Amino acid sequence: MAEDTHETFYEQVYEFVRQVPRGSVVTYGQVALELGSPSAARAVGYALYFMPKPSDIPWWRVINARGAISYKGRGSSADQQRAMLDDEGVVFDADGRTDLKVYRWWPDGSPGTGDQETAAR
DNA sequence: TTTATGGCTGTCA
DNA sequence: ATGACAGCCATAA
């Protein structure tokens, strides 16, 4: 459906995050990559910082490339985010990290499905 | 138009 | 494996 909208980068981020199913997570770099800018991870994080409706967006499913949380948003804390993911079934390591190779989610038609290369970082 | 910021990422030592 | 540095992108003022 020609979703070739001219929305802002932020809007694209919100939509992408909105597609993340429960129990799965995605990294900033991943989102940026899906949006067309593999290096716009920072912009992605900033986009969530401006979340107009955090209640309408599973921002807690967005973590950094290391599988850890760094959220410092306005009102929410990383600790709370971890609780949310833990409640969805995402398990965290002693270092507060999760196995991206297990919880990372990819949109329909994207790679990742059926690949398990190095997997180690 | 330029400057500054930031929930990041990858590479080097 | 850990710590430090620079790079890149988009938005707001």
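Computed from a predicted model, the values in this text were never measured in an experiment. Chain identifiers are assigned alphabetically (A, B, ...) following the order of the sequence lines, protein sequences preceding nucleic acid strands; residue numbering begins at 1 within each chain.
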Check: residues 23-30 of chain A side-chain donor-acceptor pairs under 3.5 Å, at least two apart:
residue, atom, partner, partner atom, Å
Thr27(A), OG1, Gln30(A), N, 3.1
Gln30(A), NE2, Trp105(A), O, 2.5

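With sequence neighbours excluded, no residue forms a ring pair (Phe, Tyr, Trp, His ring centres under 6.0 Å) with Tyr14(A). In this structure Arg22(A) satisfies the salt bridge (charged side-chain N to carboxylate O under 4.0 Å, His left out) test with no other residue, sequence neighbours excluded. Remark: Ser39(A) pairs with no residue by the side chain to side chain contact (heavy atoms under 4.5 Å, CB included) rule, at least two apart or across chains. Looking at residues two or more places apart in sequence or on another chain, you find a side chain to side chain contact (heavy atoms under 4.5 Å, CB included) between Leu35(A) and Phe9(A), Gln12(A), Val13(A), Val31(A). For Asp93(A), the side chain to side chain contact (heavy atoms under 4.5 Å, CB included) partners at least two apart in sequence or on another chain are Arg97(A). Listed by chain and residue number, Arg82(A) satisfy the salt bridge (charged side-chain N to carboxylate O under 4.0 Å, His left out) test with Asp79(A) (two or more places apart in sequence, or in another chain).
Residue-level contact check: Val44(A) touches neither bases nor backbone, having no heavy atom under 4.0 Å from any strand.
Sorted by first and then second residue, the side-chain hydrogen bond (donor to acceptor under 3.5 Å, both in side chains) pairs involving residues 52-65 of chain A (not counting sequence neighbours) are Trp60(A)-Glu88(A), Arg61(A)-Glu88(A).
Side chains of Ile69(A) and Phe92(A) form a contact here, defined as non-hydrogen atoms less than 4.5 Å apart.
Note: CZ (Arg104(A)) to P (dC8(B)) measures 15 Å, nearest angstrom. Here dT5(B) presents its C1' atom at 16 Å from CG of Leu48(A), a figure rounded to the nearest Å. Atom-to-atom, CG of Asn64(A) to C1' of dC8(B) comes out at 8 Å; the value is rounded to the nearest Å.
Taken to the nearest 0.5 Å, the OG atom of Ser70(A) stands 7.5 Å off from the CD atom of Gln81(A).
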Going 5' to 3' through nucleotides 6-13 of chain C, assign each nucleotide B (protein heavy atom under 4.0 Å from a base atom), S (under 4.0 Å only from sugar-phosphate atoms) or - (no protein heavy atom that close). -BBBSS--

Please produce a list of atom pairs where a protein N or O lies less than 3.5 Å from an N or O of nucleotides 2-5 of chain C.
none

For DNA chain C, what is the dot-bracket line, given that a base pair needs Watson-Crick (N1 to N3, plus N6-O4 or O6-N4) or G-U wobble (N1-O2 and O6-N3) geometry with both distances under 3.5 Å, and | means paired with another strand? .||||||.|||||

